[in-house]
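Both backbone and side-chain heavy atoms feed into the values below; hydrogens, waters and symmetry mates do not. Computed from a predicted model, the values in this text were never measured in an experiment. In what follows, residues are counted from 1 in the order of the sequence shown.
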Amino acid sequence: MSLLRKTISLLFLTSFSIQAQTELKIQGLSGELEQNVKNHLASYNKTDISGSLRFQMKLQQDIETALQALGYYQSEIEFTLSEKSGNATLLVTVNAGQPIRINTADIKLTGDAVDDRQFSGLLRRQAPKVGDVLHHGKYESLKSELRSLALRKGYFDAEFSRSTLEVIPELQQANIYLHFASGTRYKFGEVTFSGQQIRDEWMQSLIPFEPGQPYLASELGEFNQSLANTNWFSSIAIEGDTEQIADFRLPITVKLEPRLRNSVETGIGYSDVVGPRLKVNWLKPWLNDRGHSLHNNFEVSEVEQTLESAYRMPLSTAPSDYYQLQVGLRNRDNLDTRSKEINIALERHWLLSNEWYRTVSLRYLYEDFIQADQDASSSLIMPGISFSRSRQSWGNMPRSADRLLLGVEFSEPAWGSDTPFVRFRGRAGWIGSFDRNHRFVTRLDAGAVVIDDITEIPPSLRFFAGGDNNLRGYGYETIAPLNDDNELIGGRYMVAASLEYQYRVKGNWWLAGFFDYGSAWNDSPDFKRGVGLGIRWGSPVGPVRLDFGYGLDSGERNAFQIHFALGPEL
């Protein structure tokens with residue numbers, strides 16, 4: 001067919017594509033090559049596609065660029081434009097050809113980074129080797145990773161003394177010359193603070209590194225987090241003082257602004273257990289230059305009124321080590337429980353090197369109560385110890401998290417308590433996910449009191465099951481041993497387990513299905529089962545949960561319960 005006839009034919013078919021939308025089909029590619037071409041063409045709209053020569057030239061250029069990025073420089077592309085029943089189809093047949101392979105891989109590292117394991121590990125994993133197919137993306141990624149690692153580890157003078165990529169399509173070869181001169185690794189210099197209201201020795205204890213220690217950006221991130229965790233400052237700015245660098249030491253300056261000395265938060269809520277509820281938090285984040293703080297919490301509802309105060313005294317040795325004095329008053333009138341409590345506790349907190357928190361406490365509890373048909377009072381002095389650990393990924397709905405708590409308290413008449421006993425408490429939880437739309441949440445809550453008669457201790461130390469974070473489908477603390485009049489008396493033991501699956505519907509909204517299992521008992525357990533569906537919203541202040549639970553073993557009690565909760569899931 002002559003050139004003239006070909007041109008007339010193309011013009012004829014093109015006239016149809018003007019009147020009807022053209023469908024684009026690409027064949028001959030698979031795997032990474034096919035995906036990369038699709039990525040390059042993803043910006044095309046349906047209206048952009050036509051059978052015109054101009055579009056075909058642009059399409060060919062984009063396909064060749066996509067293939068060359070993966071080392072295929074000798075591709076062959078053919079176009080076939082057809083029309084049937086008023087619809088046009090542009091078929092693109094691609095033969096990628098033979099790839100360009102690396103003939104020379106001259107990659108060198110000089111400077112202090114030669115002895116840095118992270119750099120050698122990076123090159124071992126990502127450096128191209130002779131015989132590999134040329135991949136422009138991997139080549140650029142290696143260069144970017146070298147620069148990024150150098151900045152994170154304090155090689156501030158690092159540069160590429162040579163960065164050359166030669167491609168010889170005729171020989172199907174490529175030569176890489178990549179020489180990275182890291183220079184000298186900088187060290188941390190002295191840290192100076194400004195604007196702080198806390199004495200200097202307390203501030204120095206927050207620094208996670210020593211002057212002269214090799215620079216590491218993650219240490220600055222940890223430093224910033226430690227400052228934020230104190231709750232003393234409204235503004236934190238950590239910078240390297242580049243104008244004062246001497247002997248490869250980078251001084252660090254920290255500019256701070258104190259928080260307001262008083263912070264008040266109020267909230268109003270409602271639940272089917274306590275009805276309307278008012279909550280007021282009054283925080284004094286710092287009282288003096290030693291960083292002492294005071295936190296007051298007041299909650300009032302028809303069935304329960306609580307007033308709690310906690311005075312924290314941090315130690316200068318570490319930001320996570322502190323003493324805390326707690327005082328609490330509670331009045332409760334709910335179901336078969338009426339009680340008045342006074343709690344006073346002195347606690348010592350440590351953060352151990354293995355990420356566990358250890359708390360040693362001495363607690364005094366006075367409780368005047370009526371539980372079912374028992375009218376009594378109790379005065380107890382209880383030393384105790386607990387260990388806890390909590391870890392989670394970032395985000396309002398973390399993709400992974402785990403929490404563990406183990407605690408024990410003792411009581412003995414020898415030191416002034418009314419009743420001897422040992423009380424154990426434990427909680428465990430885990431959150432996992434696969435893909436970005438599926439989450440699993442599991443919880444285990446358990447406790448036990450070593451005592452002959454559970455009625456010898458006040459109701460606040462007995463165990464009851466049921467409620468939002470324990471056994472859904474049952475009312476709050478409605479599951480426990482009963483007396484002859486079917487009144488709750490509380491149990492010596494309690495176990496509650498939960499398994500929950502969540503599916504992301506859209507954005508921060510999730511649907512959940514759950515199964516809960518547990519009981520509170522004295523001699524033998526009567527396990528209860530709860531099932532249901534829920535809605536989750538990953539709000540800026542944490543997960544909001546609305547659950548519709550059904551108690552499979554509720555008997556004559558209300559089998560359907562609505563549960564609402566705001567805050568961490570574990």
Quiz item: Rounded to the nearest 0.5 Å, how far apart are CD of Glu367 and CZ of Arg332?
Solution: 9.0 Å
Exercise. Take His349 and Tyr357 through the test side chain to side chain donor-acceptor pair (under 3.5 Å) and record every step on the way to the result.
Key: CA-CA 7 Å; His349 295 252; Tyr357 267 99; over 6 Å; no
Exercise. Give, for atom CG of Asp516 and atom CG of Asp445, the distance between the pair rounded to the nearest 0.5 Å.
Key: 11.0 Å
Hey, can you pull the donor-acceptor pairs under 3.5 Å for the side chains in residues 250-260, sequence neighbours left out?
residue	atom	partner	partner atom	Å
Thr253	OG1	Glu239	O	3.4
Arg259	NH1	Asn231	OD1	2.5

Exercise. Please check if the side chain of Arg425 supplies one atom and the backbone of Ala446 the other of a donor-acceptor pair under 3.5 Å.
Key: yes
Quiz item: Should Leu511 and Leu533 be marked as a side-chain contact (heavy atoms from CB on, under 4.5 Å) after you check the CA-CA gap, both sets of side-chain angles, and the distance that decides it?
Solution: CA-CA 7 Å; Leu511 287 180; Leu533 299 174; over 6 Å; no
Exercise. Just do the side-chain contact (heavy atoms from CB on, under 4.5 Å) check on Phe464 and Met494 with the steps written out, would you?
Key: CA-CA 7 Å; Phe464 301 81; Met494 185 273 295; over 6 Å; no
Quiz item: Hey, mind stepping through Glu500 and Arg536 against salt bridge (charged side-chain N to carboxylate O under 4.0 Å, His left out) and telling me if it holds?
Solution: CA-CA 12 Å; Glu500 180 174 311; Arg536 305 287 180 266; 3.0 Å; yes
Quiz item: Do Ser309 and Gln326 get their side chains close enough for a donor-acceptor pair, meaning under 3.5 Å?
Solution: no
Quiz item: Where the side chain of Trp202 meets the backbone of Arg290, is there a donor-acceptor pair that is under 3.5 Å apart?
Solution: yes
Quiz item: Considering residues at least two apart in sequence or located in another chain, which fulfil the side-chain hydrogen bond (donor to acceptor under 3.5 Å, both in side chains) criterion with Ser182?
Solution: none
Self-check item: Partners meeting salt bridge (charged side-chain N to carboxylate O under 4.0 Å, His left out) with Arg504 (sequence neighbours left out)
Solution: none
Exercise. Give a yes or no answer on whether the side chain of Arg330 reaches the backbone of Glu304 with a donor-acceptor pair at less than 3.5 Å.
Key: no
Quiz item: How close do Phe188 and Arg249 get, heavy atom to heavy atom, and via which atoms?
Solution: O-CD, 4.3 Å
Quiz item: Does any donor atom in the side chain of Gln561 or His563 lie under 3.5 Å from an acceptor atom in the other side chain?
Solution: no
Self-check item: Heavy-atom closest contact (Ser361 atom, Glu347 atom, distance)
Solution: CB-CG, 3.9 Å
Practice problem: Would you check if there is a donor-acceptor pair between the side chains of Tyr311 and His292 at a distance under 3.5 Å? | Solution: yes
Quiz item: Which is it for Lys340 and Phe369 under the side-chain contact (heavy atoms from CB on, under 4.5 Å) test, yes or no, and what are the steps along the way?
Solution: CA-CA 6 Å; Lys340 294 180 173 63; Phe369 64 91; over 6 Å; no
Quiz item: What closest approach, in Å, do Ala465 and Ala520 show between heavy atoms, and which atom pair accounts for it?
Solution: N-CB, 4.0 Å
Quiz prompt | Partner set under side chain to side chain contact (heavy atoms under 4.5 Å, CB included) for Asn281, not counting sequence neighbours | solution = Glu265, Lys279, His295, Asn297
Quiz item: In terms of ring plane angle, is the pair Phe548 and Phe560 parallel, tilted or perpendicular, where the classes change at 30° and 60°?
Solution: parallel
Self-check item: side-chain contact (heavy atoms from CB on, under 4.5 Å) between Val191 and Phe223, intermediate numbers included
Solution: CA-CA 11 Å; Val191 179; Phe223 186 22; 4.1 Å; yes
Practice problem: Dump the intermediate steps for salt bridge (charged side-chain N to carboxylate O under 4.0 Å, His left out) on Asp289 and Arg199, then the final yes or no. | Solution: CA-CA 5 Å; Asp289 63 357; Arg199 61 176 60 181; 3.3 Å; yes
Self-check item: Exercise: identify the closest heavy-atom pair between Ser301 and Pro276
Solution: CB-O, 3.3 Å
Quiz item: Can a donor-acceptor pair be found between the side chains of Asn470 and Tyr476 at a distance below 3.5 Å?
Solution: no
Quiz item: Under the 6.0 Å and 45° cation-pi test, does Arg529 pair with Tyr517?
Solution: no
Quiz item: Can you find a side-chain donor-acceptor pair between Gln213 and Lys187 that sits under 3.5 Å?
Solution: no
Extract all donor-acceptor atom pairs below 3.5 Å that involve side chains of residues 372-389 and protein atoms in other chains or at least two apart in sequence.
residue	atom	partner	partner atom	Å
Gln374	OE1	Arg462	NH2	2.8
Gln374	NE2	Thr455	O	2.7
Ser379	OG	Tyr364	OH	3.3

Quiz item: When you measure from the side chain of Asp333 to the backbone N and O of Val303, does any donor-acceptor pair fall under 3.5 Å?
Solution: no
Quiz item: Can you tell me if Ser498 and Arg472 form a side-chain donor-acceptor pair at under 3.5 Å?
Solution: yes
Self-check item: Residues in side-chain hydrogen bond (donor to acceptor under 3.5 Å, both in side chains) contact with Arg399, at least two apart in sequence or another chain
Solution: Ser433
Quiz prompt | is_close_aromatic(Trp232, Trp286), centroid dist under 6.0 Å | solution = no
Quiz item: Going by atom types alone, do Glu341 and Asn343 pair a side-chain donor with an acceptor below 3.5 Å?
Solution: yes
Self-check item: Note, Phe193 side chain near Gln204 side chain (heavy atom, < 4.5 Å)
Solution: yes
Quiz item: In Å, rounded to the nearest 0.5 Å, how long is the span from CZ of Arg443 to CG of Leu471?
Solution: 11.0 Å
Self-check item: Contact summary for Asn522 and Gly490, nearest pair of heavy atoms
Solution: ND2-O, 3.6 Å
Exercise. State whether the side chain of Asn224 and the backbone N or O of Leu227 hold a donor-acceptor pair below 3.5 Å, judged by distance alone.
Key: no
Practice problem: Examine Phe156 together with Tyr215 and report whether their ring centres are nearer than 6.0 Å. | Solution: yes
Quiz item: Is there a donor-acceptor contact under 3.5 Å linking the side chains of Gln502 and Glu569?
Solution: yes
Quiz item: What distance do Arg427 atom CZ and Leu444 atom CG have between them, rounded to the nearest 0.5 Å?
Solution: 9.0 Å
Quiz item: Got a donor-acceptor contact below 3.5 angstrom from the Thr478 side chain to the Gly475 backbone?
Solution: yes
Exercise. For the pair Asp547 (side chain) and Gly549 (backbone), establish whether a donor and an acceptor sit closer than 3.5 Å, ignoring hydrogens and angles.
Key: no
Exercise. Check Asp452 against Arg492 and note the closest heavy-atom contact, atom names and distance.
Key: O-NH1, 4.1 Å
